[in-house]
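On a predicted model such as this, the values are computed, not experimentally measured, just so you know. All residue numbers refer to positions in the sequence shown, counting from 1.
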Amino acid sequence: MLPKQRILGAPVYQPGKPIDDVKREFGLTEVIKLASNENPFGCSPKAKEAIAAQLDTLAIYPDGASLQLRWELAEFLGVKPEQLIFGNGSDEVVQMIARAYLEEGTNTVMATPTFSQYRANAIIEGAELIEVPLKNGVHDLEAMAAAINGQTRVVWVCNPNNPSGTIVTRDELEAFLQKVPKDVLVVLDEAYYEYVVDPAYPQTVPMLKQYPNLIVLRTFSKIYGLAALRIGYGIASEEIVGHLDHVREPFNTSTLAQAAARAALKDQAFVEECRKRNREGLKQLTDRFDEWGLSYFPSQTNFVLVDLQQDSDEVFRRLLEQGIIVRSGRALGFPGYQRITVGSAEQNEKVLQALGSIVAGALK
């Protein structure tokens, strides 16, 4: 079998290690997974009720246009229903964008390190990659703007950035957008939007009127706690959504996902509580890192990237043996670091206890 040669250069996404695998491998009965930036507090009870109410409809195809969710989300965001595109997670919307706009002879600009799927999908479509290093863990928007040329079709801005957790501010983004040619699509990936508390963070949906070359991506996988159902969305001009609809698979979001997302959207009290508890958990972790003299990137997400100044894979393995799954920084472009999802207070304390002996051993 002879595949397209360029796909062999595309990285295969490596998800966090499954809990059951770790239990079997190390003979453990309890495992804490803090590797994939999932919500440790689950999802809204209203979402669970909505899922249960749909169990008798499983033999029927879902609404391919996500009409009920489309109308309700449009009202929530203050946009037209026609400005929304839904995907099997926002990852699929990333794939649609690459498929619709990138091809051989074009290029795409992105930061490095950042979310790996921008790079992977660009490689699959045969586009040239222009990768601009982060500056102190933050997108270097000036350098990214300077990198755009006549063959550039898409620029990716992950804000907050994964894996560093940092943000570009409203003023920085505005200055950048004024430099980007109007025929270049700017993708603002805001998967962690609901976790942000910094007032300097840009509110990008109102910017769509001024910058019709924008698309904003968000998801129900993170703070809404619906990662298993895979539903995300893009907000853009009707023209951009029309382009993406040409490459969208039919029935790409399930009935259960649509119902759960609608119910989750109505429970903003749950979202606010998760945001509050996440900030408390983040402080719990970083206060201890400060005591230990460790450096970390200031995070506006539900994870923190901390420099343990040790071999990332070795630290990952030692934590795994204790039933704690985090993410080695080596695979994320940050050797020496670990990316740790913020868990419940109890989970965070267990991680800190396990890290304490590792840190103490390194300081001897």
Side-chain angles (χ1 to χ4, degrees), residues 15-48 160 162-163 165 191-192 194-197 220-228 264 267-308 310 312 315-329 332 337-362:
K17 203 167 175 67
I19 289 174
D20 287 342
D21 280 5
V22 176
K23 285 182 177 179
R24 280 195 298 269
E25 186 176 348
F26 296 100
L28 300 168
T29 56
E30 181 186 5
V31 171
I32 299 171
K33 184 187 177 192
L34 298 175
S36 300
N37 307 334
E38 296 145 334
N39 188 342
F41 311 114
C43 66
S44 165
K46 294 179 181 179
K48 295 179 183 178
N162 179 13
Y192 299 92
E194 292 85 1
Y195 282 111
V196 179
V197 298
F220 287 97
S221 293
K222 302 302 180 186
I223 208 165
Y224 287 102
L226 300 177
D267 194 354
Q268 290 300 310
F270 175 82
V271 172
E272 179 58 39
E273 178 65 17
C274 289
R275 179 164 45 242
K276 173 178 172 291
R277 294 175 74 179
N278 178 73
R279 294 310 296 182
E280 292 169 352
L282 188 60
K283 186 174 187 299
Q284 180 184 2
L285 293 171
T286 57
D287 279 355
R288 195 73 58 86
F289 297 159
D290 289 339
E291 289 177 20
W292 292 337
L294 300 177
S295 62
Y296 52 88
F297 289 103
S299 177
Q300 289 293 319
T301 65
N302 67 335
F303 61 84
V304 60
L305 188 65
V306 58
D307 185 1
L308 296 177
Q310 299 180 56
S312 297
V315 172
F316 170 81
R317 185 191 61 78
R318 290 176 64 182
L319 290 174
L320 206 60
E321 290 173 348
Q322 299 179 65
I324 297 169
I325 312 171
V326 295
R327 199 68 183 264
S328 168
L332 301 173
Y337 286 75
Q338 297 290 321
R339 192 189 69 187
I340 303 172
T341 302
V342 179
S344 65
E346 181 183 10
Q347 289 172 331
N348 295 336
E349 188 54 42
K350 288 182 178 179
V351 171
L352 290 168
Q353 287 176 9
L355 280 175
S357 60
I358 294 172
V359 171

Is a donor on one side and an acceptor on the other found under 3.5 Å between the side chain of [X] and the backbone of [Y]?
X: R277; Y: S344; value: no
X: Q284; Y: A345; value: yes
X: S312; Y: Y337; value: yes
X: Q300; Y: Y195; value: no
X: R339; Y: A35; value: yes

Could you list the residues that satisfy salt bridge (charged side-chain N to carboxylate O under 4.0 Å, His left out) with [X], not counting sequence neighbours?
X: R317; answer: E314, E321
X: E38; answer: K33
X: D20; answer: none

Heavy-atom closest pair, residues [X] and [Y]:
X: V304; Y: L285; value: CG1-CD1, 4.1 Å
X: L282; Y: S299; value: CD2-O, 3.5 Å
X: N39; Y: C274; value: ND2-SG, 3.4 Å

Q: For the residue pair Y296 and D290, confirm or rule out a side-chain donor-acceptor distance under 3.5 Å.
A: yes

(Q) Going by side-chain contact (heavy atoms from CB on, under 4.5 Å), I325 matches just one of D21, L34, I19, I32. Which one? (A) I19

Interatomic spacing from [atom1] in [X] to [atom2] in [Y] - rounded to 0.5 Å:
X: N348; Y: I340; atom1: CG; atom2: CD1; value: 9.0 Å
X: Q353; Y: Q322; atom1: CD; atom2: CD; value: 10.0 Å
X: S328; Y: L320; atom1: OG; atom2: CG; value: 11.0 Å
X: R279; Y: N302; atom1: CZ; atom2: CG; value: 10.5 Å

(Q) Between E346 and K350 (salt bridge meaning N to carboxylate O under 4.0 Å), is one present in this structure? (A) yes

Q: Would you confirm whether the ring centroid of F270 sits within less than 6.0 angstrom of the ring centroid of F41?
A: no

